[in-house]
Amino acid sequence: MTDAKGLGRNAANYGDRDFALYLRRSFAKSMGYSREALARPVVGIADTGSELNNCHRTAPELIEAVKRGVLMAGGLPLSFPTISLCEPFLSPCSMHYRNLMALDTEAMIAAQPMDAVVLVGGCDKTVPAQLMAAASAGIPAVQLVVGPMSANRFQGERLAACTDCRRYWARYRAGDVSQERIEEVEGSLATTAGTCGVMGTASTMACIAATLGFMPLEAASIPATHADRLRAAEAAGAQAVRLIHKPVPPAALITPESVENALRVLLALGGSTNALVHLAAIAGRCGVAVDYHRLNELSETTPVLVDLKPTGEGYMEDFHAAGGMRALLHEIRDLLHLGCTDLDGRTLAERIGDGPSFVDRAYIKPRAAPVSPVGGLVALFGSLAPEGAILKRSAATPALFEHEARCLVFDGLEDLANRIDDEALDVTPSDILILKGAGPLSAAGMPEAGYLPIPKKLARQGVKDMVRMSDCRMSGTAFGTVVLHIAPEAVAGGPLALVETGDRVRLSVAERRLDLLVDEATLAARRARWSPPPAPARGWDALVRREVLQAPQGADLRFLLPDGGAR
Ligand code: FES
């Protein structure tokens with residue numbers, strides 16, 4: 001029954017609804033709830049706490065605080081587990097399971113009795129999966145993130161995974177850092193609960209969720225261990241109860257204007273390339289497309305203002321103390337659609353107000369003195385990427401922006417691992433390294449492998465960056481001249497599938513081009529010989545191969561889009 005509320009929603013179907021609810025109440029009473037408690041509106045709390053997710057270590061205490069907020073506001077909080085995804089603990093990679101988490105979360109929101117839901121997420125893929133789920137499930141949803149970890153102090157420097165992990169590992173590979181030292185650093189990189197402490201994917205997605213209106217602006221960056229994080233959780237619980245009385249469906253917050261605001265924020269943050277795929281997936285659930293040509297227009301008129309790693313120097317705790325999202329949005333308010341509303345119906349203009357009373361300009365720059373006058377990301381098009389590719393120019397080497405060279409091709413991750421450090425590898429610093437066969441449809445599942453390691457023999461010579469290209473992703477915490485998300489990917493039979501070692505490839509950031517300089521007759525002969533790798537026979541992997549869309553469409557499952565992926 002559509003007008004059912006609270007525990008009466010979504011009755012099990014025995015052909016006798018009154019019996020189904022009688023049975024449900026009697027089973028609920030076995031957990032000690034009174035009839036009065038069970039008569040309250042229900043707030044579900046999606047619990048992603050897991051002993052295989054270090055980032056979400058504080059989920060239990062956050063959920064306690066959410067419950068407090070729900071109870072104080074007159075609701076009944078009921079938490080339920082969903083899939084949890086933590087970047088380093090999943091094979092082949094967490095991205096392979098983002099859509100599975102979205103599917104699981106949507107199904108559990110839609111099937112269980114709840115009037116609103118608080119989504120407790122944080123680590124890279126969890127917030128996108130939860131917002132995709134919320135958009136499709138349709139009941140009011142509040143996003144709560146676990147918050148970023150705090151930076152550690154280690155022998156005179158600050159460390160807070162994972163830009164620092166990569167920096168140390170690159171130095172270890174180059175022979176700059178000893179075995180003893182790298183082992184010592186291992187225990188000092190991530191020393192509190194919370195998500196990676198830089199402007200990686202988790203932080204970027206938290207800022208985007210706040211921009212879209214799914215949480216207060218300040219809640220995007222409160223450190224995981226700060227008492228304010230618990231107060232944000234309590235407030236999220238109370239907010240969910242308010243939404244039950246005055247519902248705002250998630251789709252109302254995901255509009256062409258709000259998505260454009262999110263893109264502006266992504267650019268001004270110098271945020272993660274991954275966020276582009278995730279935002280396309282979230283928007284796609286509401287029939288809103290992320291257009292790469294529009295991204296380029298926005299990128300030309302949006303400065304990078306946030307000076308955090310990997311683009312700059314600071315950590316998320318610095319961003320928060322510097323004024324956080326309110327300070328950033330105040331700085332770019334003339335570029336935003338200020339009429340977009342949040343869960344409380346407040347416009348973005350109202351949420352920004354006059355900005356915070358204090359802004360630390362070391363981390364949030366004024367428009368007159370930006371980190372970069374243009375946005376961090378650009379889309380590239382050309383014969384190698386007819387549907388587009390992405391470069392994070394704010395984390396790349398400007399001297400490599402205009403680059404034509406022969407390429408060295410690795411056909412999948414195994415080939416890369418087997419050959420990249422071979423002393424006999426025929427490679428020079430000006431060569432372009434290409435990895436293919438690692439896109440969304442591949443068995444690898446679009447991993448964060450686009451940051452191909454510099455071949456050891458070149459790293460030892462001091463080479464710090466090379467042009468690297470692939471159909472996979474890069475960690476939001478990584479840096480370098482790395483072209484990502486090439487579409488169509490190699491497994492889909494895109495031009496990338498036809499590239500061979502020795503071909504010449506041209507990158508032009510100025511022209512937004514990515515071209516394979518091989519004549520059409522040669523490509524036609526290669527195409528005639530090409531066949532896709534065998535499809536997995538069963539299970540999730542088989543469904544991924546059959547249904548996953550390309551990166552510019554968010555790499556979502558085709559059948560979960562309102563138009564079945566027809567776009
Ligand atoms: Fe969870 Fe980086 S591993 S946010």
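- Considering only residues two or more places apart in sequence or on other chains, Arg25 meets the salt bridge (Lys or Arg N to Asp or Glu O under 4.0 Å) condition with none of them.
- At least one side-chain heavy atom of Ser150 sits less than 4.5 Å from a side-chain heavy atom of Thr225.
- Screening residues 5-50 for ring-ring contact (aromatic ring centres under 6.0 Å, His included), with sequence neighbours left out, gives Tyr14-Phe19.
- Applying the salt bridge (Lys or Arg N to Asp or Glu O under 4.0 Å) test to residues at least two apart or on different chains, the pairs with a partner in residues 228-238 are Arg68-Glu234, Asp228-Arg231.
- Using a 4.5 Å heavy-atom threshold, the side chains of Asp360 and Asp318 count as separate.
- Under the 3.5 Å distance criterion, the side-chain polar atoms of Glu547 are left unmatched by any main-chain donor or acceptor of Leu543.
- For the salt bridge (Lys or Arg N to Asp or Glu O under 4.0 Å) test, residues two or more places apart in sequence or in another chain that qualify with Lys309 are Asp164.
- Considering only heavy atoms from C-beta on, Val371 stays 4.5 Å or farther from Val306 through its side chain.
- Partners of Asp47 under the salt bridge (Lys or Arg N to Asp or Glu O under 4.0 Å) rule, at least two apart in sequence or in another chain, do not exist in this structure.
- Between the side chains of Asp344 and Gln239, at least one donor N or O lies within less than 3.5 Å of an accepting N or O.
- Test Arg333, Arg351, Glu350 against Leu338 for side-chain contact (heavy atoms from CB on, under 4.5 Å) and you get one pass: Arg333.
- Between the OG1 atom of Thr201 and the CG atom of Leu276 there is a distance of 11.0 Å, given to the nearest 0.5 Å.
- Using modelled atom types, no side-chain atom of Ser221 and backbone atom of Met316 make a donor-acceptor pair closer than 3.5 Å.
- In this structure Glu64 satisfies the salt bridge (Lys or Arg N to Asp or Glu O under 4.0 Å) test with no other residue, sequence neighbours excluded.
- Looking only at distances, a side-chain donor or acceptor of Glu489 sits under 3.5 Å from a matching main-chain atom of Leu441.
- Among residue pairs with one or both ends in residues 104-128, those qualifying as salt bridge (Lys or Arg N to Asp or Glu O under 4.0 Å) are Arg9-Asp115, Glu87-Lys125, Glu106-Arg285, Lys125-Glu448; sequence neighbours excluded.
- In this structure, the side chain of Arg17 does not engage the main chain of Ala11 through any donor-acceptor pair within 3.5 Å.
- Between Ala141 and Phe214, the closest heavy-atom pair is O-CD2, 3.6 Å.
- For the atom pair SG of Cys123 and NE2 of His56, the computed distance is 5.5 Å after rounding to the nearest 0.5 Å.
- With Thr195 contributing its side chain and Gly122 its backbone, the two residues share no donor-acceptor pair below 3.5 Å.
- The CG atom of Asp471 sits 7.5 Å away from atom CE of Met446, with the distance rounded to the nearest 0.5 Å.
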>> If you apply the rule side-chain contact (heavy atoms from CB on, under 4.5 Å), what do you find for Val359 with His330, and how did you get there?
In response: CA-CA 10 Å; Val359 180; His330 189 259; over 6 Å; no
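- Looking at Thr302, its side chain never comes within 3.5 Å of a backbone N or O of Gly375 through a donor-acceptor pair.
- Taking CZ of Phe559 as the start and CZ of Arg546 as the end, the distance is 8.5 Å to the nearest 0.5 Å.
- When every heavy atom of Pro447 is checked against every heavy atom of Ala444, the shortest pair comes out as CD-O, 3.6 Å.
- Judged as a side chain to side chain donor-acceptor pair (under 3.5 Å), and not counting sequence neighbours, the contacts of Asp334 are Arg367.
- No side-chain heavy atom of Met114 sits under 4.5 Å from any side-chain heavy atom of Leu78.
- Considering only residues two or more places apart in sequence or on other chains, Thr191 meets the side chain to side chain donor-acceptor pair (under 3.5 Å) condition with none of them.
- A side-chain donor-acceptor contact under 3.5 Å links Thr301 and Arg264.
- Under the side chain to side chain contact (heavy atoms under 4.5 Å, CB included) criterion, Ala275 pairs with Thr204, Met205, Ile208, Leu266, sequence neighbours left out.
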>> Determine whether Asn152 and Leu189 satisfy the following criterion, side-chain contact (heavy atoms from CB on, under 4.5 Å), listing intermediate values before the conclusion.
In response: CA-CA 7 Å; Asn152 185 29; Leu189 285 163; over 6 Å; no
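- Side chain of Ser299 to backbone of Leu295: no donor-acceptor contact under 3.5 angstrom is found.
- Closest of all the heavy-atom pairs between Pro440 and Val548 is CB-CG1, 3.7 Å.
- Put simply, CE on Met95 and NE2 on His278 are 5.5 Å apart, with the number rounded to the nearest 0.5 Å.
- Closest approach of Ile109 to Ala137, counting heavy atoms only: CG2-CB, 3.7 Å.
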>> Could you go through Tyr315 and Val198, starting from their C-alpha distance and side-chain angles, then the distance that decides it, and tell me whether this counts as side-chain contact (heavy atoms from CB on, under 4.5 Å)?
In response: CA-CA 5 Å; Tyr315 291 91; Val198 297; 3.8 Å; yes
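- Residue Cys162 comes nearest to Cys196 through the heavy atom pair CB-SG, 4.0 Å, listed as atom of the first residue, atom of the second, then distance.
- Between the side chain of Asn261 and the backbone N or O of His337, at least one donor-acceptor pair lies under 3.5 Å.
- Side-chain contact between Val265 and Met325 is present, with at least one heavy-atom pair separated by less than 4.5 Å.
- For His245, there are no ring pair (Phe, Tyr, Trp, His ring centres under 6.0 Å) partners at least two apart in sequence or on another chain.
- From Leu212, atom CG reaches atom OG1 of Thr341 across 11.0 Å, with rounding to the nearest 0.5 Å.
- Contact annotation: the side chain of Val142 never approaches that of Val43 to less than 4.5 Å [non-hydrogen atoms, C-beta and beyond].
- Side-chain contact between Thr126 and Met101 is present, with at least one heavy-atom pair separated by less than 4.5 Å.
- Smallest separation of non-hydrogen atoms from Ser394 and Gly270: OG-CA, 4.3 Å.
- The backbone N or O of Leu230 lies less than 3.5 Å from no partner atom in the side chain of Glu61, so there is not a single donor-acceptor pair.
- Under the side chain to side chain contact (heavy atoms under 4.5 Å, CB included) criterion, Ser34 pairs with Glu36, Ala37, sequence neighbours left out.
- Residues Thr48 and Gln130 are in side-chain contact: their nearest non-hydrogen atoms beyond the backbone lie under 4.5 Å apart.
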> Under the side-chain contact (heavy atoms from CB on, under 4.5 Å) criterion, do Tyr97 and Ile83 qualify, and how do the steps go?
Replying inline: CA-CA 9 Å; Tyr97 301 103; Ile83 292 175; 5.7 Å; no
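- Listed for the Ser84 side chain is no donor-acceptor partner under 3.5 Å among the backbone atoms of Gly49.
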